[in-house]
Number of protein chains: 2
Amino acid sequence: MEKQVTIYDLARALNLSTATISRALDDSPLVKPKTREKIRAMADKMGYRQNLIASNLRKQQSRTIGVLLHEVNSYFSTSVLAGIEKITTREKYDILIAHSGEDGEREIANTRNLFNKRVDGLIVSLAMSTVATDHFNPFFEQGIPVVFFDRVAKKMPCNKIVIDNFKAGYEATTHLLQQGYRRIAHITASLQRNVYEDRFRGYKKALTDHHIRFDPLLVESCSLNREDTLAVMHQLLKQKPDAFFITNDFAAAVCMDELQRSGIRIPEDIGMMGFNNDILGSLINPRLSTIDYPGTRMGETAAQMLIDKIKTKKNGKATAEHKSVIISSTLLIRESSVKKARQRRGHK
Amino acid sequence: MEKQVTIYDLARALNLSTATISRALDDSPLVKPKTREKIRAMADKMGYRQNLIASNLRKQQSRTIGVLLHEVNSYFSTSVLAGIEKITTREKYDILIAHSGEDGEREIANTRNLFNKRVDGLIVSLAMSTVATDHFNPFFEQGIPVVFFDRVAKKMPCNKIVIDNFKAGYEATTHLLQQGYRRIAHITASLQRNVYEDRFRGYKKALTDHHIRFDPLLVESCSLNREDTLAVMHQLLKQKPDAFFITNDFAAAVCMDELQRSGIRIPEDIGMMGFNNDILGSLINPRLSTIDYPGTRMGETAAQMLIDKIKTKKNGKATAEHKSVIISSTLLIRESSVKKARQRRGHK
DNA sequence: TTGAAAGCGCTAACAC
DNA sequence: GTGTTAGCGCTTTCAA
């Protein structure tokens, strides 16, 4: 391992001070253009690379943002990441991604770790099994900006980016009702999480608004993985539902597949409605109706909001305000929920 | 923003030296258990958190591994990441993920950035459009370990983790031939990349081994996104193929959907074979035959190999050896390529 | 078993 | 425009 070239080496080689070198490499207007050129040239020649660790120590910053996700293996998660990355790249921040695998304990460990890493800010979507939120206190106490997105803690006073899950759940259910479905089963996940609870409330409200009695037997909650989803689906089938509103496209696709393989026609016998607009839904037959969930925009908004907070904090202005941004989602009606005549593939 | 508690604060509070504090917090056997306890207690009480930036500067390491991916939005990528993460978490390394969006230019920029961040090692899968590989030279010159996986640079002398793409391509094609398909079209991507080239060679070899003349008109290469894939599929259709071997499951699903919607039956009229074993393939009808690609194991192996190299390097032993590991992949025969009687869903 | 002190590479306040 | 210098918070050698 060769020795790294430092600004001291450059200073010595050029008979200048490290201060000038540092300024030049930072494009400071304080240094004469000619000097700067000389320094740049020498830096190139000697193979100099800035040591960001030293720089960060000195500047008391990491120029790194922590991203705490519940999972990374969904289309939604990667969309959000893409959005975050777009902004952070532009603003020259790095991101440290930690995911909890839906486990509250791991979320706590990850939070601690990111804190120790001195991230300049944190973007979070809560794990399924998270209960308390004390593990974020160190951030609040140190005034390190935190932005929650999607799965947020309801009563926590801080910045949030969400969609209107209540409205989306309401619209999805209403659409199914308008298509003539009457016994709409709902597969959801932990009602501790705002997203699922709000959608569930939307579902109930839509039912009552259409004078349909809410039947608790038509609702099951599970982890949303393949196995669990199929188990609760079979459970719900005993209640003879004529439609499913499933809070996640992957789970909906799993159900559709299973139902179709047992001879049930979709949407004729059973209507199907997902949530999230995973690409998956556009590749199955019939195409899955869903709620379009703007992951990339959420990520962009969260990152921009966080970086703005970091910047204003640097300027000494403590911003105690806690903005909540609601990103608009839209009902995407495709084939799985529309009863009227439709061209089935393979039967031209 | 409150002031951070440092080891100086602890030293003052306990009338000890910073050296002792540092040792105690590092669980050094040099410090008396009693002293250690006292220090731990005080650290907790005062809310001390280690400043890893300072620690890293001093230790001349970052305890961070850079991961350079071509894309993150596939099941394969997230599997690899999961594998890498499993190992790095255990070994207490952080990972900095950068992706190039298949763009060679961005790959170069990301490589530079990770180098400046002083990552202790690098795990790489090349972008589609990468040509030269000079941008990795700084790592080689500094003796910073680099491990390539999946999309590797053939002639580059360094550690690699791959599957036997030639064999997989051969087996996939042979299977289609055994099912009676004769005009097998192949949709591939940049043949600059070993993975696609090797699969293509396997495809050709299988054909000639079965006394079928290789027809260049049956092969098209594209970016594998939806649009491009459909375009080349329609192009190939003019050659009246009776099967498709497509180098990626997503692209295969897109084609299947399009073909089926135009009334073509799969596998009866056209057989279909993908590559990668994306979950997607198990949720479409018919289920997609494919090559099972062990992403998680690849990630684990790459991470472990890299960390081993980092460790041996620390011990001063420069390891010039360049291991190549081949992870085994398996042919996964499902419905899309099997002509014999099969229960179509919806027709019990 | 503990302490003193040097220094990792950089930045920025202050001086010239 | 440029230089001097004092740290950022930690680890580690050497001495006690």
Side-chain angles (χ1 to χ4, degrees), chain A residues 1-40 42-43 46-64 92 115-120 142 314 316, chain B residues 1-40 42-43 46-64 115-120 142 314:
Chain A
M1 158 138 152
E2 298 173 31
K3 191 78 192 61
Q4 295 282 349
V5 180
T6 72
I7 53 172
Y8 289 99
D9 301 320
L10 294 180
R12 207 172 316 113
L14 291 166
N15 234 287
L16 284 165
S17 75
T18 59
T20 306
I21 307 288
S22 177
R23 288 189 194 109
L25 295 171
D26 197 32
D27 277 326
S28 156
L30 288 177
V31 34
K32 198 160 61 175
K34 226 177 183 171
T35 320
R36 174 161 57 229
E37 285 325 307
K38 249 192 342 209
I39 293 174
R40 296 240 105 134
M42 182 57 85
M46 298 179 66
Y48 169 82
R49 304 269 185 150
Q50 184 186 35
N51 185 330
L52 287 168
I53 299 178
S55 170
N56 286 335
L57 175 61
R58 175 59 229 244
K59 291 207 249 175
Q60 295 286 66
Q61 52 149 40
S62 62
R63 263 206 119 66
T64 297
K92 300 212 181 308
F115 184 86
N116 282 349
K117 285 274 163 175
R118 298 293 200 271
V119 294
D120 294 339
Q142 296 287 330
K314 261 196 193 155
Chain B
M1 157 137 154
E2 297 173 30
K3 191 78 192 60
Q4 296 282 350
V5 180
T6 73
I7 53 172
Y8 287 99
D9 300 319
L10 294 179
R12 208 173 314 113
L14 290 166
N15 232 285
L16 285 165
S17 74
T18 58
T20 307
I21 307 288
S22 176
R23 290 190 191 106
L25 295 172
D26 198 30
D27 277 326
S28 157
L30 289 176
V31 34
K32 199 161 58 177
K34 226 176 182 171
T35 321
R36 175 162 55 229
E37 285 324 308
K38 247 189 347 205
I39 292 174
R40 297 240 105 142
M42 182 57 86
M46 297 179 65
Y48 170 80
R49 306 268 185 150
Q50 186 186 35
N51 185 329
L52 287 168
I53 298 178
S55 170
N56 286 336
L57 174 61
R58 175 58 227 242
K59 291 205 251 175
Q60 293 288 68
Q61 53 149 40
S62 62
R63 262 206 120 64
T64 298
F115 184 87
N116 282 349
K117 285 272 163 177
R118 297 294 199 270
V119 293
D120 294 339
Q142 296 287 328
K314 260 195 193 157

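Below, chain A is the first sequence line, B the second, and so on; all start at residue 1.
Under 4.0 Å is where a charged nitrogen must lie from a carboxylate oxygen, and between B:K59 and B:D120 no such pair does. Salt-bridge annotation for B:D26 and B:R36: absent, with no side-chain N of the basic residue lying under 4.0 Å from a carboxylate O of the acidic one. Salt-bridge annotation for A:R12 and A:D9: present, with a side-chain N of the basic residue lying under 4.0 Å from a carboxylate O of the acidic one.
The closest side-chain donor-acceptor pair between A:Q4 and B:Q142 falls under 3.5 angstrom.
The nucleotide whose nearest atom lies closest to any side-chain atom of A:R23 is, among D:dG3, C:dC8, C:dT2, D:dG3. When distances are taken from the side chain of A:Q60 to each of D:dC8, C:dT1, C:dC10, the shortest belongs to D:dC8. Comparing D:dC10, C:dG9, D:dT2 by their nearest atom to the side chain of B:S55 picks out D:dC10. Comparing D:dT12, C:dC10, D:dG9 by their closest approach to the side chain of A:L57 singles out D:dG9. Proximity note for A:A19 (side chain, C-beta onward) versus C:dC10, D:dT2, D:dG3: the nearest is D:dG3. Each of C:dC10, D:dT12, D:dT2 was ranked by its minimum atom distance to the side chain of A:T6; first place goes to C:dC10. Ranking D:dT2, C:dG9, C:dA5 by closeness to the B:T18 side chain, first place goes to C:dA5. Comparing D:dG9, C:dT1, C:dT2 by their nearest atom to the side chain of B:T20 picks out C:dT2.
Within 3.5 Å, no donor on the side chain of B:R49 pairs with an acceptor on the base of D:dG9, nor the reverse. With hydrogens and angles ignored, a donor-acceptor pair under 3.5 angstrom links the side chain of B:Y8 to the base of D:dC10.
B:L25 has its CG atom 15 Å from the C1' atom of C:dT2, to the nearest Å. Residue B:L30 contributes atom CG, which lies 17 Å from atom P of D:dA15 at whole-angstrom precision. In this entry the distance linking CD1 of A:I21 with P of D:dG3 reads 8 Å, nearest Å. Between the P atom of D:dG3 and the CG atom of A:L16 lies a distance of 5 Å, rounded to the nearest Å. Atom CD1 in B:I53 sits roughly 13 Å away from atom C1' in C:dG9 (whole-Å rounding). The nearest whole Å value for the distance from the CD1 atom in A:I39 to the C1' atom in D:dG3 is 12 Å. Whole-Å rounding puts the A:I7 CD1 to C:dC8 P distance at 12 Å. The distance between atom CG of A:D26 and atom C1' of C:dG9, rounded to the nearest whole Å, is 15 Å.
Heavy-atom distances to DNA chain D give each of A:P33 and B:L52 a nearest nucleotide, and the one nearer the 5′ end belongs to A:P33. Comparing A:S17 and B:A54, the nucleotide of DNA chain D nearest to each residue sits closer to the 5' end for A:S17.
Phosphate proximity of C:dA12 to A:S22: absent, as no side-chain N or O sits under 4.0 Å from OP1 or OP2.
A:L14 and A:K38 make their closest contact through CD1-O, 4.3 Å (heavy atoms, listed as atom of the first residue, atom of the second, distance). A pairwise comparison of heavy atoms in B:Y48 and B:V5 identifies CD1-O, 3.2 Å as the closest pair.
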